[in-house]
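Working notes for the structure below.
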Amino acid sequence: GLGVVAGGFGFVVVLMLTIAAIGVIRLADLSHSLNEVVDDKWPKTVMSNEILADSTAIAVALRNMMLTTDKEDRDANKQRIVEARKRIAGNVDKLEKVLNLPKGKEMFRSLLDWRAKYVAGQETLIGLIEANKEAEARAYLKDELRPVLRQYQESVTTLVKFQGELMDAAGHAAEAHYREARTLVIGLPVKVIYPVVLVIAVVRPLHTNLQRPVLPAGARPAHPASAR
């Protein structure tokens with residue numbers, strides 16, 4: 001009986017150690033998936049959205065330059081354009097270093113191409129505005145620069161959506177790893193330990209009964225003499 005109990009207990013200990021080891025591996029997978037979202041996918045999405053916002057800020061500043069003839073006002077908007085370009089350049093440099101998937105790199109190259117065209121178009125429009133060529137500036141903005149801006153922003157939006165899809169996939173992976181770890185730590189011990197305990201509970205009484213001596217028919221078990 002003692003050997004059966006000891007064997008069952010040893011099996012349970014080995015099982016728990018195995019579960020703990022596998023659980024650590026599953027938690028490491030969960031940590032990796034979460035870090036991928038927090039440290040990789042999310043920052044890329046933020047940088048792309050900032051590029052999108054700054055491209056819109058440039059468009060607003062260009063429009064404001066066209067709506068005024070005041071030199072100080074125009075210079076202030078021109079400075080806003082310069083500052084937005086610097087922020088975009090900073091985010092572009094960061095993205096270039098962290099994008100690693102071929103599809104993402106291809107989208108990024110498209111973004112760079114349209115950005116270069118938009119910057120060149122900005123300079124052309126600013127030149128027309130500062131030369132007080134209002135009609136030409138309006139025509140250039142409508143027919144030339146706005147279509148370029150549209151394509152530029154679409155290229156950025158495409159990259160944002162791609163990063164969002166990758167972030168969703170990483171989030172789903174993290175959820176799956178969590179469920180696997182929870183099932184392993186909670187469900188498996190119950191499924192395995194319960195049968196072991198049941199076997200011990202059944203085998204131990206049987207083992208005890210088998211160890212009792214078999215008496216001849218009609219014989220009574222001997223009882224120790226009572227104290228007198």
Side-chain angles (χ1 to χ4, degrees), residues 34-173:
L34 292 175
N35 288 338
E36 194 173 8
V37 173
V38 175
D39 299 331
D40 183 64
K41 303 298 185 294
W42 176 247
K44 291 174 184 176
T45 304
V46 171
M47 286 184 276
S48 300
N49 277 312
E50 288 177 353
I51 292 174
L52 195 61
D54 280 323
S55 68
T56 300
I58 290 173
V60 171
L62 288 170
R63 183 202 61 187
N64 290 341
M65 287 184 70
M66 294 179 62
L67 294 176
T68 182
T69 57
D70 183 77
K71 186 177 184 307
E72 289 185 3
D73 196 9
R74 284 182 174 177
D75 288 343
N77 280 289
K78 190 174 181 179
Q79 183 59 32
R80 294 188 185 100
I81 292 171
V82 171
E83 292 170 358
R85 285 180 184 174
K86 288 181 180 179
R87 290 192 298 269
I88 290 174
N91 279 317
V92 164
D93 289 342
K94 293 176 185 176
L95 276 174
E96 189 172 15
K97 295 174 183 177
V98 296
L99 290 174
N100 43 40
L101 295 178
K103 186 175 180 180
K105 290 181 178 180
E106 182 180 351
M107 294 176 178
F108 183 70
R109 284 192 293 269
S110 176
L111 183 156
L112 291 179
D113 290 341
W114 286 110
R115 171 180 171 240
K117 293 175 183 178
Y118 188 49
V119 171
Q122 293 168 34
E123 292 299 323
T124 300
L125 181 59
I126 291 172
L128 293 172
I129 293 171
E130 291 180 338
N132 293 317
K133 297 180 179 180
E134 296 179 8
E136 291 181 37
R138 285 195 298 269
Y140 183 81
L141 175 62
K142 178 183 177 182
D143 299 332
E144 302 290 338
L145 194 57
R146 278 181 181 166
V148 172
L149 173 61
R150 189 179 303 113
Q151 292 294 326
Y152 176 36
Q153 291 188 328
E154 284 182 4
S155 69
V156 180
T157 302
T158 300
L159 184 59
V160 170
K161 290 180 179 179
F162 178 62
Q163 293 301 324
E165 291 170 359
L166 294 177
M167 189 163 57
D168 289 342
H172 292 322

Exercise. Within a reach of under 6.0 Å around CD of Glu123, are more than 12 heavy atoms found that belong to other residues, nucleotides or ligands?
Worked result: yes

Exercise. How about Leu99 and Gln163: do any of their side-chain heavy atoms sit closer than 4.5 Å?
Worked result: yes

Seminar exercise, completed: Taking every heavy atom of Leu141 against every heavy atom of Pro147, the minimum-distance pair comes out as O-CD, 4.5 Å

Problem set entry | Within-4.5 Å side-chain heavy-atom neighbours: Ile51 and Arg115 | no

Exercise. Below 4.5 Å, heavy atoms only, C-beta onward: do Glu144 and Leu125 meet side chain to side chain?
Worked result: no

Exercise. Going by heavy atoms in the side chains, are Val160 and Asn49 under 4.5 Å from each other?
Worked result: yes

For this session: Kindly indicate whether the side chain of Met66, heavy atoms from C-beta on, has any atom under 4.5 Å from the side chain of Arg138.
Result: yes

Exercise. Would you say the side-chain atoms of Arg80 and Asn77 include a donor-acceptor pair closer than 3.5 Å?
Worked result: yes

Exercise. Taking the side chain as C-beta and beyond, is there a heavy-atom pair between Glu130 and Lys78 under 4.5 Å?
Worked result: yes

Exercise. Should Leu159 and Leu111 count as side-chain neighbours, where that means a heavy-atom distance under 4.5 Å?
Worked result: yes

Exercise. Of the non-hydrogen atoms in Ile129 and Met65, which two are nearest, and what is the gap between them?
Worked result: CG2-O, 3.7 Å

Problem set entry | Any side-chain heavy-atom pair of Met47 and Val92 under 4.5 Å | no

Problem set entry | For the student: nearest non-hydrogen atoms of Leu149 and Ala59, plus distance | CD2-CB, 3.6 Å

